[in-house]
Asker: 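Below are the structure tokens for one structure; questions will follow.
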Amino acid sequence: MYEDIKEQIADVCHRMWDKGWVAANDGNVTVKVGEGLFLATRTGISKHDITPAHIGLIDGEFNIIEAPADDWKPSSEAKLHMRCYADRPDVNAVIHAHPPFATGFACAHMSLDDYCMIESVLTIGAVPLTPYGTPSTYEVCDAVAPYLQEHDVFLLENHGALSVGCDLMTAYFRMETLEQQAHISLIARLLGGAVDIRREDIDKLISLRPNYGITGRHPGYKKFPKKG
Ligand SMILES: [Zn+2]
């Protein structure tokens, strides 16, 4: 069952590996396929090697409903994904990866609130840095939860990035936009500093979201307090 979606999940995993967003067995993807039913990537496999045969079905409590192999287990980070689905009924797909530019900001304990590039202002807005949590524990869920209602993309402190969407490609493209924005911001900062778009033009861009059919949440114009 769900063969088309399993193919799409495998394709997204391959794109993540090709882009260098994951090393070894890093990263995980889930998709909601029904009330309390989720397809999940297995634990302990390179995203380069994922096929539909490595994708199983779990429920919201992390119980295995359908395993493609006897030793199949979902990624332990699926707990964090389940929290996103529980708190955001509009979310149908969640992606976690370690894209290097975005993760660089997360490791430097810097949120990403440059409003310097039209596309990212329009689609993701300011990206919060969520507090540190031990991987695979509910600490990470609790760290991300306060930001879930306003944002679709998150930097996980000293860890990586998370994106959510109404479907898998939306979540995937948000991660692409985040990584490109982090790359561009880094270059702009090296060149002397990113220059924000004027506030009234930022507000205009945000108000255009419905015209472009952009789904999800946007924080509006928001700047995070600087650390230190
Ligand atoms: Zn991770």
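In each ligand, atom 1 is the first atom listed, and ligand 1 is the first ligand listed.
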Asker: With a cut-off of 2.8 Å, which protein N/O/S atoms are close to the Zn ion (ligand 1), if we only count those under it?
Answerer: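 Short answer, with waters excluded from the count: His96 NE2, His98 NE2, His159 NE2.
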Asker: Taking ring-ring contact (aromatic ring centres under 6.0 Å, His included) as the test, write out the residues that go with Phe154, two or more places apart.
Answerer: none
Asker: With sequence neighbours left out, what residues match Asp90 under side-chain contact (heavy atoms from CB on, under 4.5 Å)?
Answerer: Arg88, Arg217
Asker: Salt bridge between Asp201 and Lys204, side-chain N to carboxylate O under 4.0 Å?
Answerer: yes
Asker: Between Lys6 and Asp11, does any side-chain N to carboxylate O distance fall below 4.0 Å?
Answerer: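 No, this pair does not count.
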Asker: What residues, two or more places apart in sequence or in another chain, satisfy ring-ring contact (aromatic ring centres under 6.0 Å, His included) together with His54?
Answerer: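 With neighbours one apart ignored, the set is empty.
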Asker: One thing to verify: whether Asp113 and Lys226 come together as a salt bridge, which I'm taking to mean a side-chain N less than 4.0 angstrom from a carboxylate O.
Answerer: yes
